[in-house]
Amino acid sequence: GPHTLESSADAITLPDQSVDRVYCQQGLQFMPDREAVMAELHRVLRPGGTVAVAVWSDQASPEPFATYASILQGLDVAEPYPHAYDTSTVTMSEDDVEGLLVGGSFLDVTVRTVELPLSWPEPSWASLRILGSSLGPAVLKLNPEEQDSVFNSILEDDLSSGAVMAAVLGWATRA
């Protein structure tokens with residue numbers, strides 16, 4: 001059955017050419033050495049294997065992250081890491097993604113931007129989702145009243161009403 005493997009993205013603890021597919025969602029933009037990550041993804045993929053990445057597009061506000069960051073900044077919540085509230089650090093362009101895939105020796109590279117409406121089973125999920133984001137540790141350090149203020153501010157912003165996420169999707173094949 002499925003299992004979890006924890007390792008650095010630029011030093012994956014898997015043998016060469018051992019997986020059929022690699023998917024990196026909303027992680028590549030946080031990697032300090034993106035070229036090393038792409039080389040490692042190439043190394044673990046079998047010939048004919050597929051790599052796919054998804055990152056927030058630099059052509060739009062990275063939702064819901066931008067709303068979360070704005071609310072925390074407005075409430076004077078300390079940043080959980082340097083530049084956490086600078087949303088330009090969590091986006092990439094189509095050219096960035098294409099360059100990494102081509103530079104990583106992948107073939108049949110396809111890159112496109114898609115816009116998807118944010119959808120939550122109920123409004124409270126929009127506020128609770130912050131806990132699963134990179135800003136979650138900052139919220140968890142707050143006292144219960146401060147946490148409620150964060151959650152209520154997100155609910156008042158109404159991320160469930162017309163908010164859109166724009167993502168750059170890229171995929172390619174290993175020779």
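- In this structure a side-chain-to-backbone donor-acceptor pair under 3.5 Å is present from S18 to P15.
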(Q) Does L75 form a side chain to side chain contact (heavy atoms under 4.5 Å, CB included) with S153? I'd like the steps, not just the answer. (A) CA-CA 9 Å; L75 294 171; S153 294; 4.1 Å; yes
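- Pairing each heavy atom of V90 with each of P62, the nearest pair is CG2-CG, 3.9 Å.
- Among all heavy-atom pairs drawn from V109 and F106, the shortest one is CG2-O, 3.8 Å.
- Rounded to the nearest 0.5 angstrom, Y68 OH and I130 CD1 are separated by 6.5 Å.
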Q | Working for side chain to side chain contact (heavy atoms under 4.5 Å, CB included), residues F151 and I71 | A | CA-CA 9 Å; F151 297 144; I71 286 170; over 6 Å; no
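- Residues A84 and A69 come closest through the heavy atom pair O-CB, 4.4 Å.
- Contact of the T87 side chain with the S61 side chain is not registered, since no non-hydrogen atoms from C-beta on lie closer than 4.5 Å.
- Listed for the E79 side chain is a donor-acceptor partner under 3.5 Å among the backbone atoms of Y85.
- Cluster membership check: L116 does not share its hydrophobic cluster with V97, using side-chain heavy-atom separations under 4.5 Å among Ile, Leu, Val, Met, Phe, Trp and Tyr.
- Residues L128 and V139 are members of one and the same hydrophobic cluster, defined by side-chain heavy-atom contacts under 4.5 angstrom among Ile, Leu, Val, Met, Phe, Trp and Tyr.
- Within the 4.5 Å cutoff, side-chain heavy atoms of L101 are placed close to those of M38.
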**Q.** Stepwise side chain to side chain contact (heavy atoms under 4.5 Å, CB included) test for Q59 and T91
**A.** CA-CA 8 Å; Q59 299 301 303; T91 64; over 6 Å; no
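- Remark: the D96 side chain and the S93 side chain contain an N/O donor-acceptor pair separated by less than 3.5 Å.
- Applying the side chain to side chain donor-acceptor pair (under 3.5 Å) test to every pair with at least one member in residues 123-139, sequence neighbours left out, gives these pairs: Y81-S134, E122-S124.
- In this structure, the side chain of Q147 engages the main chain of L142 through a donor-acceptor pair within 3.5 Å.
- Evaluation of the salt bridge (charged side-chain N to carboxylate O under 4.0 Å, His left out) test over residues 36-53, restricted to residues two or more places apart or in two chains, returns D16-R43, D20-R46, E40-R43.
- Listed for the Q73 side chain is no donor-acceptor partner under 3.5 Å among the backbone atoms of S70.
- Residues forming a side-chain contact (heavy atoms from CB on, under 4.5 Å) with A9 (at least two apart in sequence, or on another chain): M31, V37.
- Remark: the backbone N or O of T89 is not paired with any side-chain donor or acceptor of Q29 at under 3.5 angstrom.
- A distance of 10.5 Å separates CG in L28 from CZ in F30, rounded to the nearest 0.5 Å.
- There is no path of hydrophobic side-chain contacts, each under 4.5 Å, that joins L72 to L155.
- E63 and T67 are linked by a side-chain donor-acceptor pair at a separation below 3.5 angstrom, with hydrogens and angles left out of the test.
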For residues 163-175, please give each side-chain donor-acceptor pair under 3.5 Å, one per line with the distance, not counting sequence neighbours.
unit_1	atom_1	unit_2	atom_2	d
R174	NE	H42	O	2.6
R174	NE	L45	O	3.0

Q: Test side chain to side chain contact (heavy atoms under 4.5 Å, CB included) on V22 and V44 and set out the steps.
A: CA-CA 9 Å; V22 174; V44 300; 4.1 Å; yes
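- Among residue pairs with one or both ends in residues 104-117, those qualifying as side chain to side chain donor-acceptor pair (under 3.5 Å) are E94-T113; sequence neighbours excluded.
- You'll find the side chain of M92 reaches within 4.5 Å of the side chain of L100, heavy atoms only.
- For D10, the side chain to side chain donor-acceptor pair (under 3.5 Å) partners two or more places apart in sequence, or in a different chain, are S8.
- Transitive grouping of hydrophobic side chains (ILVMFWY, heavy atoms separated by less than 4.5 Å) keeps V114 and Y23 in distinct clusters.
- Linking Ile, Leu, Val, Met, Phe, Trp and Tyr whenever their side-chain heavy atoms come within less than 4.5 Å puts L135 and L140 in one cluster.
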